[in-house]
Amino acid sequence: RAAVLRAWSWTLWHDYDFDAARPLAEEAMAEATASAADDVYRLALLESAVIDSFQDRLEPALERIEQCHRLAVQAGDRSLAQRALLNSAVVQQSNGFPLAGVITLLEQVAEETRRSGAYGNLAFVLNNLGSAYHNAGRFEDVLALADENEVAAARAGNPHMVGSIHLHRA
């Protein structure tokens with residue numbers, strides 16, 4: 001039940017229905033706690049943090065992301081730990097935090113993701129890092145990432161994952 005609620009919440013917030021997604025994420029966390037489904041709890045926690053960020057609840061969003069990251073590291077879930085760091089950087093960048101810290105965080109996530117061989121994740125991370133580089137005026141770095149992003153998307157088997165980073169080539 002907790003996993004279904006979490007997936008439903010994810011589906012709704014991806015359709016920008018944050019008001020409907022929030023209680024489902026909260027219920028998924030409660031169900032996961034009651035059934036000792038720690039992996040589902042961690043995922044629902046991250047979903048709730050993302051929803052918080054879209055609803056301009058910045059402080060709770062970042063707190064939940066940090067909690068999710070800590071729990072993922074403790075559980076040895078490197079993929080979720082990377083996603084939590086990526087979400088933290090994206091939330092910070094979207095809310096005007098200093099780019100230097102955002103870039104450092106995204107570079108860390110990119111390096112960890114390169115080592116993991118998760119090319120779909122890498123394409124997504126590189127697109128976000130490219131955006132941060134662009135905002136910082138580091139255009140040569142954006143172009144270098146564009147090539148790596150294209151290779152990662154192809155290796156993931158999904159050329160649509162290239163993202164907007166390639167717009168900077170023109």
Side-chain angles (χ1 to χ4, degrees), residues 9-10 13-18 21-22 25 42-170:
S9 174
W10 181 93
W13 80 254
H14 275 83
D15 196 34
Y16 299 98
D17 191 351
F18 305 113
R22 166 172 295 295
R42 291 188 300 272
L43 289 168
L45 181 62
L46 187 58
E47 301 300 340
S48 70
V50 171
I51 295 165
D52 279 340
S53 73
F54 276 109
Q55 293 186 314
D56 295 324
R57 293 193 268 256
L58 183 59
E59 190 173 320
L62 291 172
E63 287 172 2
R64 286 181 174 204
I65 291 170
E66 174 57 34
Q67 181 184 5
C68 175
H69 179 261
R70 187 174 21 73
L71 292 172
V73 168
Q74 289 172 354
D77 187 344
R78 291 189 340 216
S79 178
L80 184 58
Q82 290 169 0
R83 284 179 49 203
L85 288 178
L86 173 62
N87 277 283
S88 179
V90 170
V91 168
Q92 290 177 42
Q93 183 174 354
S94 298
N95 287 282
F97 280 60
L99 279 174
V102 170
I103 288 171
T104 299
L105 190 53
L106 286 169
E107 287 173 337
Q108 175 189 346
V109 175
E111 190 55 40
E112 290 175 10
T113 308
R114 284 180 184 109
R115 286 193 304 267
S116 76
Y119 295 107
N121 290 350
L122 182 58
F124 187 72
V125 170
L126 293 176
N127 195 58
N128 281 278
L129 180 55
S131 175
Y133 282 162
H134 178 264
N135 291 338
R138 294 175 54 179
F139 303 116
E140 292 298 320
D141 291 329
V142 173
L143 294 176
L145 284 182
D147 293 335
E148 184 183 4
N149 177 264
E150 188 171 12
V151 170
R155 291 185 81 175
N158 188 346
H160 301 289
M161 296 181 78
V162 170
S164 60
I165 195 171
H166 290 278
L167 298 175
H168 303 290
R169 284 187 171 159

key: Heavy-atom pair of closest approach, residues S9 and A25   = OG-CB, 3.4 Å
request  = Verify, without hydrogens or angle tests, whether N95 (side chain) and V91 (backbone) share a donor-acceptor contact under 3.5 angstrom.
outcome  = yes
inquiry  = My understanding is that only residues two or more places apart in sequence, or in another chain, count here; which of them pass side-chain contact (heavy atoms from CB on, under 4.5 Å) with V73?
reply    = H69, A81
ask   = Could you walk me through whether V142 and S131 pass the side chain to side chain contact (heavy atoms under 4.5 Å, CB included) check?
value = CA-CA 8 Å; V142 173; S131 175; over 6 Å; no
inquiry  = Please find the pair of heavy atoms, one from A136 and one from L99, that lie closest to each other, and give the distance.
reply    = N-CD1, 3.6 Å
message = Could you check whether S88 and Q92, counting side-chain N and O atoms only, form a donor-acceptor pair closer than 3.5 Å?
response = yes
Counterpart residues, ring pair (Phe, Tyr, Trp, His ring centres under 6.0 Å), relative to F97 (two or more places apart) = none
query = Between N149 and L126, is there a donor-acceptor pair closer than 3.5 Å when you use the side chain of the first and the backbone of the second?
reply = no
query = Between CG of L105 and CG of L85, what distance do you get to the nearest 0.5 Å?
reply = 5.5 Å
key: For the student: nearest non-hydrogen atoms of A61 and A49, plus distance   = CB-O, 3.4 Å
message = Treating N87 as the side-chain partner and R83 as the backbone partner, does any N or O pair qualify as donor plus acceptor under 3.5 Å?
response = yes
task = Search all heavy atoms of Y119 against all heavy atoms of A152 and return the closest pair with its distance.
result = CB-O, 3.3 Å
ask   = Parallel, tilted or perpendicular: which describes the rings of F18 and F54, with under 30° parallel and over 60° perpendicular?
value = parallel
task = Report the distance from atom CD of E66 to atom CG of L45, rounding to the nearest 0.5 Å.
result = 10.5 Å
ask   = For V90, what residues pass the side-chain contact (heavy atoms from CB on, under 4.5 Å) criterion, not counting sequence neighbours?
value = L86, S94, N128
task = Drop me the distance from T113's OG1 to L122's CG, to the nearest 0.5 angstrom.
result = 6.0 Å
query = In chain order, what residues pass the salt bridge (charged side-chain N to carboxylate O under 4.0 Å, His left out) check against R78, with sequence neighbours excluded?
reply = none
ask   = Distance from E148 atom CD to R155 atom CZ, nearest 0.5 Å?
value = 10.5 Å
ask   = Nearest 0.5 Å, what's the CD-CG distance between Q82 and L80?
value = 9.5 Å
task = Could you name each residue pair satisfying salt bridge (charged side-chain N to carboxylate O under 4.0 Å, His left out) that touches residues 86-108, not counting sequence neighbours?
result = E107-R138
Any side-chain heavy-atom pair of S53 and L58 under 4.5 Å = no
query = If you look only at pairs with a residue in residues 85-96, which of them pass as a salt bridge (charged side-chain N to carboxylate O under 4.0 Å, His left out), with sequence neighbours excluded?
reply = none
query = Does a donor on one side chain sit under 3.5 Å from an acceptor on the other, for Q67 and E63?
reply = no
remark   = In this structure, CZ of R70 is separated from CD1 of I65 (nearest 0.5 Å) by 13.5 Å
Residue pair I51 / A21: nearest heavy atoms and the distance that separates them = CD1-CB, 3.6 Å
